[in-house]
Amino acid sequence: MQGKRAIFTAKYLECGNIARSARAAGVNESTAHRWLNNGLREEIQERQKALVTESVQGVQCAIGKATDYLQSLVEDENASPQERRRAAETILKYGLQAYEYNKLELLEKLEDEILHK
């Protein structure tokens, strides 16, 4: 039964649909609901959080590489002035957006701390 449960879990993580995941695992929906109500839901939620964290880390890595590339364009004396300017503008634009996002996140945390004291 563990094999079917693993198949159900993998399919559910992929599509988020109980009926479709149960069919893929070859079990009744009632079995799938029983699994979910007996701890599988929490296990799936933890796996979903891990997948999101992994995805965010991948995006952060890509952002770092993109920023390095843009920085190299800004410093490249062989690049055209237009390319260098566009690279600098892009760094500034997205850098300011990231700064504003982090500032909002910090303000939300502070607000939450104040309200829950």
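As a basis for the values below, the full set of heavy atoms in this structure was taken, side chains included, without hydrogen atoms, waters or symmetry mates. Nothing fancy with the numbering, it's 1 onward along the sequence. Since we're looking at a predicted model, the values are computed, not measured.
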Look up atom [atom1] in [X] and atom [atom2] in [Y], then write down how far apart they are to the nearest 0.5 Å.
| X | Y | atom1 | atom2 | value |
| --- | --- | --- | --- | --- |
| Leu110 | Glu113 | CG | CD | 6.0 Å |
| Ile114 | Lys109 | CD1 | NZ | 14.5 Å |
| Asn17 | Lys11 | CG | NZ | 9.0 Å |
| Thr9 | Gln2 | OG1 | CD | 9.0 Å |
| Leu106 | Glu111 | CG | CD | 11.5 Å |
| Leu36 | Tyr12 | CG | OH | 6.5 Å |

Determine the sole option in Arg86, Lys93, Arg85 for which the side-chain hydrogen bond (donor to acceptor under 3.5 Å, both in side chains) test with Glu89 is passed. Arg85
Has Glu83 got a side-chain atom pairing as donor or acceptor with Ser80's backbone, closer than 3.5 angstrom? yes
Can you find a pair of side-chain heavy atoms, one from Asp76 and one from Arg84, that are under 4.5 Å apart? no
Criterion side chain to side chain contact (heavy atoms under 4.5 Å, CB included) on Asp112 and Glu108, from CA distance to verdict: CA-CA 6 Å; Asp112 189 49; Glu108 287 174 358; over 6 Å; no
Verify same cluster id: Trp35, Ile7 (apolar side-chain graph, 4.5 Å): no
Please give me the minimum heavy-atom distance between [X] and [Y], naming the atom from each residue.
| X | Y | result |
| --- | --- | --- |
| Arg20 | Cys15 | NH1-CB, 3.9 Å |
| Phe8 | Ala22 | CD1-N, 3.6 Å |
| Gly26 | Lys4 | O-NZ, 3.6 Å |

State whether a side-chain donor-acceptor pair under 3.5 Å links Glu105 with Tyr101. yes
Name the atoms and distances for all side-chain donor-acceptor pairs under 3.5 Å in residues 39-64, with sequence neighbours left out.
{"from": "Arg41", "atom 1": "NH2", "to": "Asn37", "atom 2": "OD1", "distance (Å)": "3.3"}
{"from": "Thr53", "atom 1": "OG1", "to": "Lys49", "atom 2": "O", "distance (Å)": "3.0"}
{"from": "Ser55", "atom 1": "OG", "to": "Leu51", "atom 2": "O", "distance (Å)": "3.0"}

Across all chains, not counting sequence neighbours, the side-chain contact (heavy atoms from CB on, under 4.5 Å) partners of Ala87 are Leu70, Leu73, Val74
